[in-house]
Amino acid sequence: MADVDEERNDNLLTYVMAEQSDRSTPPPAKIPRPDEEKKIVLVTGGSGMVGKAIRTVLEEEEANEKEEWVFLSSKDADLRSMDETRALFAKHHPTHVIHLAALVGGLFRNMKYKADFLRENLLINDCVLHCCYEFGVEKCVSCLSTCIFPDHTTYPIDETMIHNGPPHSSNFGYAYAKRLIDVQNQAYHEQHGCHFTSVIPTNIFGSFDNYNLEDSHVIPGLIHKCYMAKANNTELTVWGSGKPLRQFIYSKDLGRLLLWVLRNYDEIEPIILSVGEEDEVSIKEVAEMIAEAMDFKKPLVFDTTKSDGQFKKTASNAKLKRYLPDFKFTDIKQAIRESVDWFVKNYDQARK
Ligand code: NAP
Ligand code: GFB
């Protein structure tokens, strides 16, 4: 009998020691840098729509010589792999990270792949945030989404309501993985004093979006469908009743706000990045704006056999307005016109 207990104790000890040693990993060594002043900003998901918007804003408006930017795609590293993520951080030694990389998609993709949305995003977020800790990253800004908020809630939604109940059934895989980023940020802050925070945008649209008809969000999906309907002289079919309500933020406005958050926002708590509640529009209204921008004259058809998803997720941007009372959002009609023009001009290269 003694032998068995001894062996069990040995195993336990080995396990605890391993855990202990892991838990007491010394804080990461400070990497001497040629220019201590310089920020090295790593943008995961830099090849996606929001990543490209940040790049455009930097090129057009907000460059800062004290910042070196590295925009990543999945070709640089599969961020579901801790080894590949560590190798990437060892290569670039970032001081700051904007974490955008994720498995992303519209209502219909989310409904179909809930387990993939949960697991892939959990893996990506764990690898990126733990490497931010291991490599002593000074600040990490991750991207959540207003679809993570509870489905049964009072409106408008604000930042304090994230964990107040289950999200909408259509995207709970994605929603819970994103909610956990807020939990991870709090945990790394409390245990290691890390400065990891997050932003919560509403539905985003703009150039470089994903226009795949099955996987996309509503605006790129309708832009693509309207383009084809015009070419084939057919009707434009809007999925669902057209009644759901959404707040849409233009990717370039989000790019500007993400630069502000990286450079100025000091809370660990998340902040909603959105147009005001008064700018909420119905899917029917946004479809009409796209048809107008595409100079499409045929009537819209609503396919009510398709899901409407969540009816609304009206978010308050009061916290943002307290920080940036004068921030000007691009008029949605103007933003849709620019998005349509980009798609028509880049039809062959666009993700479809
Ligand atoms: P996107 O255009 O689909 O881009 C996704 C990015 O993530 C791409 O750069 C992709 O790289 C990268 N990526 C995906 N899986 C990866 C992996 N395993 N390893 C490394 N990189 C990987 O997405 P987006 O619309 O710009 O979204 C950016 C962020 O905003 C995401 O965190 C998303 O959850 C959030 N968000 C989006 C919306 C919206 O309406 N689009 C709304 C709220 C929040 P490749 O280019 O190589 O594939
Ligand atoms: O943008 P969307 O796919 O995402 O759909 P959610 C918004 C609304 O547009 C739904 C209607 O009511 C759809 O029924 N819709 C009409 C269409 N025509 C189309 C179309 O051609 N394509 C698409 N996709 N929708 C997502 C979440 O919810 O919001 C994601 O599932 C993410 O996780 C994203 O958070 C921002 O706004 O319904």
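Indexing begins at 1, ligand by ligand and atom by atom, following the structure's order. Being a predicted model, the structure only gives us computed values, none of them experimental.
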Visitor: Considering only protein heavy atoms, which is closest to atom 23 (O) of ligand 1, and at what distance to one decimal place?
Guide: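 The closest heavy atom on the protein side is Val104 CG2, 3.6 Å.
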
Visitor: Just to confirm my output: which protein heavy-atom neighbour is closest to atom 26 (O) of ligand 1, and how far is it?
Guide: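 Minimum-distance protein heavy atom for atom 26 (O) of ligand 1 reads Val50 N, 2.9 Å.
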
Visitor: Checking a contact table here: which protein heavy atom is nearest atom 19 (N) of ligand 1, and how many Å away?
Guide: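 Heavy-atom neighbour on the protein nearest atom 19 (N) of ligand 1: Leu79 N, 3.0 Å.
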
Visitor: Output yes when the distance from some N or O of ligand 1 to some N or O of Leu72 is under 3.5 Å, and no in every other case.
Guide: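 Among all N and O atoms of Leu72, none is under 3.5 Å from an N or O of ligand 1.
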
Visitor: Please could you name the atoms of ligand 1 that Ala77 approaches to less than 4.0 Å, counting only its heavy atoms?
Guide: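 Near Ala77, meaning under 4.0 Å from one of its heavy atoms, ligand 1 has 19 (N), 20 (C).
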
Visitor: When only distance counts, is Leu100 in polar contact with ligand 1, meaning an N/O pair under 3.5 Å?
Guide: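 The answer is yes, given that Leu100 and ligand 1 share an N or O pair closer than 3.5 Å.
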
Visitor: I'd like to know whether ligand 1 has Asp78 as a neighbour, heavy-atom separation below 4.0 Å.
Guide: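 Flag set, Asp78 near ligand 1.
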
Visitor: Using a 6.0 Å distance limit plus a 45 degree cone around the ring axis, check whether Lys178 lies over the aromatic ring of Phe117.
Guide: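 Judged by the rule (NZ or CZ under 6.0 Å from the ring centre, within 45° of its axis), Lys178 is not positioned above Phe117.
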
Visitor: What are the atoms of ligand 1, with element, lying closer than 4.0 Å to any heavy atom of Ser47?
Guide: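 Counting from 1, the qualifying ligand atoms are 8 (C), 9 (O), 11 (O), 45 (P), 46 (O), 47 (O).
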
Visitor: Determine whether a donor-acceptor pair (N or O, by modelled atom type, separation under 3.5 Å) exists between the side chain of Lys114 and the backbone of Ser169.
Guide: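 Yes, Lys114 side chain to Ser169 backbone: donor-acceptor pair under 3.5 Å.
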
Visitor: Among all the protein's non-hydrogen atoms, which is closest to atom 37 (C) of ligand 1, and how far away is it?
Guide: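 Nearest neighbour among protein heavy atoms for atom 37 (C) of ligand 1, to 0.1 Å: Ile204 CD1, 3.5 Å.
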
Visitor: Quick check: are there more than 12 heavy atoms from other residues, nucleotides or ligands sitting under 6.0 Å from NZ of Lys333?
Guide: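 Count not over threshold, so no.
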
Visitor: When you compare ligand 1 with Ala101, is there at least one nitrogen or oxygen pair between them that comes in under 3.5 angstrom?
Guide: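 Such a contact does not occur with ligand 1.
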
Visitor: Should Met49 be counted as touching ligand 1, given the test is an N or O pair under 3.5 Å?
Guide: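 Yes, Met49 has an N/O under 3.5 Å of an N/O on ligand 1.
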
Visitor: Is it possible for you to say whether Leu180 and Phe196 belong to one hydrophobic cluster, with membership spreading through side-chain heavy-atom contacts below 4.5 Å?
Guide: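 No.
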
Visitor: Is there a heavy atom of Leu103 sitting under 4.0 angstrom from any atom of ligand 1?
Guide: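 No.
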
Visitor: Is the shortest N/O to N/O distance between Ser145 and ligand 1 below 3.5 Å?
Guide: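 Checking ligand 1 against Ser145, no N or O pair falls under 3.5 Å apart.
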
Visitor: Could you find the nearest protein heavy atom to atom 14 (C) of ligand 1 and give me its residue, atom name and distance?
Guide: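 Here the nearest protein heavy atom works out to Ala102 O, 3.2 Å.
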
Visitor: Could you check whether any heavy atom of Tyr174 sits closer than 4.0 Å to an atom of ligand 1, since that is the contact criterion I want to use?
Guide: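 Contact check Tyr174 vs ligand 1: positive.
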
Visitor: Protein residues near ligand 2, heavy-atom distance below 4.0 Å?
Guide: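 The 4.0 Å shell around ligand 2 contains Gly105, Gly106, Leu107, Phe108, Asn110, Ser145, Cys147, Asn171, Tyr174, Asn203, Ser216, His217, Val218, Leu222, Lys225, Val238, Trp239, Pro244, Arg246, Ile283, Ser307, Asp308, Lys313.
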
Visitor: For the side chain of Asn212 and the backbone of Asp215, is there at least one donor-acceptor N/O pair under 3.5 Å apart?
Guide: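 Checked: pair present.
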
Visitor: Treating Ile, Leu, Val, Met, Phe, Trp and Tyr as nodes and any side-chain heavy-atom pair under 4.5 angstrom as an edge, say whether Leu107 and Ile290 lie in one connected cluster.
Guide: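 Per the 4.5 Å side-chain linkage, Leu107 and Ile290 are not co-clustered.
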
Visitor: For atom 47 (O) of ligand 1, grab the closest protein heavy atom and report residue, atom and distance to one decimal in Å.
Guide: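 Checking every protein heavy atom, the shortest distance to atom 47 (O) of ligand 1 gives Ser74 OG, 2.6 Å.
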
Visitor: For ligand 1, which atoms have a heavy atom of Thr202 less than 4.0 angstrom away?
Guide: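 Listed by number with element, the hits are 42 (C), 43 (C).
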
Visitor: Please confirm whether Leu144 approaches ligand 1 to less than 4.0 Å, judged on its heavy atoms.
Guide: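 In this structure, Leu144 qualifies as a contact of ligand 1 - some heavy atom is under 4.0 Å.
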
Visitor: Between side-chain atoms of residues 234-241 and protein atoms elsewhere (two or more places apart, or another chain), which donor-acceptor pairs fall under 3.5 Å?
Guide:
from, atom 1, to, atom 2, distance (Å)
Ser241, OG, Lys243, N, 3.0
Ser241, OG, Asp308, OD1, 3.3
Ser241, OG, Asp308, OD2, 2.7

Visitor: Looking at ligand 1, would Lys178 count as a contact under a 4.0 Å heavy-atom criterion?
Guide: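 Yes.
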
Visitor: Do Leu324 and Tyr250 sit in one hydrophobic cluster, given that two such residues count as connected whenever their side-chain heavy atoms are within less than 4.5 Å of each other, even indirectly?
Guide: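 Looking at the clustering, Tyr250 is in a separate group from Leu324.
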
Visitor: Show which atoms of ligand 1 fall inside a sub-4.0 Å distance from at least one heavy-atom site of Ser73.
Guide: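 Taking each heavy atom of Ser73 in turn, ligand 1 has 47 (O) under 4.0 Å.
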
Visitor: Considering only heavy atoms from C-beta outward, does the side chain of Glu277 approach that of Ser316 to under 4.5 Å?
Guide: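 A side-chain contact exists here, since the closest heavy-atom pair is under 4.5 Å.
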
Visitor: Taking the side chain from Asp126 and the backbone from Leu122, do they hold a donor-acceptor pair closer than 3.5 Å?
Guide: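 Not confirmed, Asp126 side chain does not pair with Leu122 backbone.
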
Visitor: Which residue owns the protein heavy atom closest to atom 30 (O) of ligand 1, what's the atom, and how far is it?
Guide: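 I find the closest protein heavy atom is Cys143 SG, 3.4 Å.
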
Visitor: Of the protein's non-hydrogen atoms, which lies at the shortest distance from atom 39 (C) of ligand 1, and what is that distance?
Guide: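 The closest one turns out to be His217 CE1, 3.6 Å.
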
Visitor: Going by the order shown, which atoms of ligand 1 are within less than 4.0 Å of some heavy atom of Arg351?
Guide: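 Taking each heavy atom of Arg351 in turn, ligand 1 has 1 (P), 2 (O), 3 (O) under 4.0 Å.
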
